[in-house]
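We name chains A, B, ... by the order of the sequence lines, and we start the count at 1 in each one. These numbers were taken from a predicted model, which means no experiment stands behind them.
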Protein chains: 2
Amino acid sequence: MSARESSLDTVQRELTAFARRARATAARMHPELSLVAYTILAHLEEQQGCRATDLAAHYLLDKSTVSRQVASLEKLGFIERRVDESDHRVQVLHLAPGGIEILAAARTRRQESIQARLAAWDPEDLERFARYLVRYNADAADHP
Amino acid sequence: MSARESSLDTVQRELTAFARRARATAARMHPELSLVAYTILAHLEEQQGCRATDLAAHYLLDKSTVSRQVASLEKLGFIERRVDESDHRVQVLHLAPGGIEILAAARTRRQESIQARLAAWDPEDLERFARYLVRYNADAADHP
DNA sequence: CTGATATCGTTGCACTCTACAACACAAGGT
DNA sequence: ACCTTGTGTTGTAGAGTGCAACGATATCAG
């Protein structure tokens, strides 16, 4: 096996291992938010005013799933729906105050956890690791 | 925000983004295997002869969940259960021929996908990325 | 203007995954 | 023999998901 094949194999194995733990990690970090709910809130934080269809397309979820999650998050007071005056079919999604609050709390817990894990890393390694992850996700988006 | 905080923030964001896509990715790579089922098979490949309790502990799953998944995988002919003669409570899990086969097929598809994504990476970057992932997962295991 | 088509979101349905609780069974120690 | 612990199964309930069918709105061709 070439060095390249070996590296690819390692990347695959480790990313899979990470994915396996992701659900459990999310459950511990923010028990009151499912991974998808957290995802939607985090997305809305960056993309205020996006539509349900955007979320479905971006995360490869069925629109019915997003519809139900959005309804649930609205009922909990985490997001708001506004009608688009220029197109009455679309609902424009925004974070509600409750959503901003719970998102901040969840992010703090996640950050503390990650900080503990990466405490011993050199700044250079950390910075390179971050760059690699950005690049990998960008490549993943290009090769669906 | 310091450079370190910025890197930590990026790592957190990108890992979360990756986790969000993981389920959909798994569904595309191996539609016949759930992420947990694939996880169990992959684990058995490395740890032949492990017990159901080990799986539950390792992946933070309830033992009943593992029990059902194992029963399903056995019915499909992917794994075998053997009784431990020294302790009749435990069932020793092994990959069955069908499991080896489907695991190889799934891994091939995953590898092709990852290979396409990482095609443009330098060997040095690839090797470092792999090392970082290994290190991160090890740190994550130490800081649950 | 009218009808066909497309887009956005909701709902009914079936299925899987999951945890919790209660249970049966085996092992080990008192 | 009894109690405690460990391993796995089953009943139950609930969340998450995709598919298909639907209603409402928008867009466009004629």
Side-chain angles (χ1 to χ4, degrees), chain A residues 19-28 30-41 44 47 49-76 78-94, chain B residues 19-41 43-44 47 49-76 78-94:
Chain A
R20 286 185 282 218
R21 294 180 189 270
R23 176 195 297 270
T25 301
R28 261 180 301 118
H30 33 75
E32 69 287 353
L33 285 178
S34 75
L35 183 58
V36 171
Y38 177 79
T39 291
I40 290 177
L41 291 184
L44 286 184
Q47 294 280 325
C50 84
R51 305 170 304 167
T53 300
D54 299 335
L55 295 172
H58 201 265
Y59 299 117
L60 301 178
L61 293 168
D62 193 80
K63 57 183 178 172
S64 65
T65 300
V66 175
S67 172
R68 286 181 242 267
Q69 292 284 338
V70 165
S72 169
L73 288 172
E74 187 195 26
K75 186 180 288 181
L76 291 168
F78 295 161
I79 67 177
E80 288 174 359
R81 296 198 259 197
R82 305 175 193 160
V83 290
D84 183 342
E85 290 305 331
S86 71
D87 185 340
H88 286 231
R89 294 173 303 180
V90 314
Q91 301 177 345
V92 186
L93 304 177
H94 292 264
Chain B
R20 285 187 283 222
R21 293 180 188 269
R23 176 194 297 270
T25 301
R28 262 182 299 119
M29 287 301 119
H30 33 74
E32 70 286 353
L33 286 179
S34 76
L35 183 57
V36 172
Y38 177 79
T39 290
I40 290 178
L41 292 183
H43 191 100
L44 286 184
Q47 293 280 327
C50 84
R51 304 170 304 167
T53 299
D54 299 335
L55 295 172
H58 201 266
Y59 300 117
L60 300 179
L61 293 167
D62 193 81
K63 57 184 179 173
S64 65
T65 301
V66 174
S67 171
R68 286 180 237 267
Q69 291 284 338
V70 164
S72 168
L73 288 172
E74 186 194 27
K75 186 180 286 181
L76 291 168
F78 294 161
I79 67 178
E80 287 174 359
R81 296 197 259 197
R82 304 177 193 160
V83 289
D84 183 342
E85 289 306 330
S86 72
D87 185 341
H88 287 233
R89 294 174 302 181
V90 313
Q91 301 177 346
V92 187
L93 305 178
H94 292 265

S.K.: Please find the earliest and latest nucleotides of DNA chain C, in the 5' to 3' direction, that have an atom within less than 4.0 Å of any heavy atom of chain A.
M.R.: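 Under 4.0 Å from chain A, the extent on DNA chain C is C:dA6 to C:dT18.
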S.K.: First locate atom CG of B:L35, then atom CD1 of B:I40, and finally report the distance between them rounded to the nearest 0.5 Å.
M.R.: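 These two atoms lie 10.5 Å from each other.
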S.K.: For B:L41, check side-chain contact (heavy atoms from CB on, under 4.5 Å) against everything at least two apart and list the hits.
M.R.: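 Scan of B:L41 (side-chain contact (heavy atoms from CB on, under 4.5 Å), adjacent residues dropped) gives B:L33, B:L73, B:F78, B:I79, B:L95, B:I102, B:L103.
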S.K.: List in chain and number order the residues that pass ring pair (Phe, Tyr, Trp, His ring centres under 6.0 Å) with B:H43, two or more places apart in sequence or in another chain; answer none if no residue qualifies.
M.R.: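 By the ring pair (Phe, Tyr, Trp, His ring centres under 6.0 Å) rule, B:H43 matches B:H58, B:Y59.
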S.K.: Any chance you could lay out the side chain to side chain contact (heavy atoms under 4.5 Å, CB included) test for A:L93 and A:L55, step after step, and finish with the verdict?
M.R.: CA-CA 10 Å; A:L93 304 177; A:L55 295 172; 3.8 Å; yes
S.K.: Tell me every residue that passes side chain to side chain donor-acceptor pair (under 3.5 Å) with A:Q91, counting only those two or more places apart in sequence or in another chain.
M.R.: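 By the side chain to side chain donor-acceptor pair (under 3.5 Å) rule, A:Q91 matches A:R81.
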S.K.: With sequence neighbours left out, write down each residue that passes side chain to side chain donor-acceptor pair (under 3.5 Å) with B:Q47, or none if nothing qualifies.
M.R.: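 Side chain to side chain donor-acceptor pair (under 3.5 Å) list for B:Q47, sorted by chain: empty.
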S.K.: For DNA chain C, which residues in residues 59-69 of chain B have a heavy atom at a distance below 4.0 Å?
M.R.: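 Residues of residues 59-69 of chain B that come under 4.0 Å of DNA chain C are, in numerical order, B:L60, B:L61, B:D62, B:S64, B:T65, B:R68, B:Q69.
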S.K.: Quick one: side-chain contact (heavy atoms from CB on, under 4.5 Å) partners of B:S34, sequence neighbours excluded?
M.R.: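 Counting only residues at least two positions away or on another chain, B:S34 forms a side-chain contact (heavy atoms from CB on, under 4.5 Å) with B:V36, B:A37, B:Q69.
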S.K.: Please collect all salt bridge (Lys or Arg N to Asp or Glu O under 4.0 Å) contacts where either partner lies in residues 54-72 of chain B, sequence neighbours excluded, each pair once.
M.R.: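 Residue pairs with at least one partner in residues 54-72 of chain B: B:R51-B:D54.
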S.K.: Base, sugar-phosphate, or nothing: which does B:V36 touch, judged by heavy atoms less than 4.0 Å apart?
M.R.: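 The residue B:V36 makes sugar-phosphate contact but no base contact.
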S.K.: Going by heavy atoms closer than 4.0 Å, what residues in residues 84-92 of chain A are next to DNA chain C?
M.R.: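 Contacting residues: A:R89, A:V90, A:Q91.
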S.K.: If you apply the rule side chain to side chain contact (heavy atoms under 4.5 Å, CB included), what do you find for A:E74 with A:E80, and how did you get there?
M.R.: CA-CA 6 Å; A:E74 187 195 26; A:E80 288 174 359; over 6 Å; no
S.K.: Taking side chain to side chain donor-acceptor pair (under 3.5 Å) as the definition, give me every residue that meets it alongside B:H88, ordered by chain and number, with sequence neighbours left out.
M.R.: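 B:H88 satisfies side chain to side chain donor-acceptor pair (under 3.5 Å) with no other residue.
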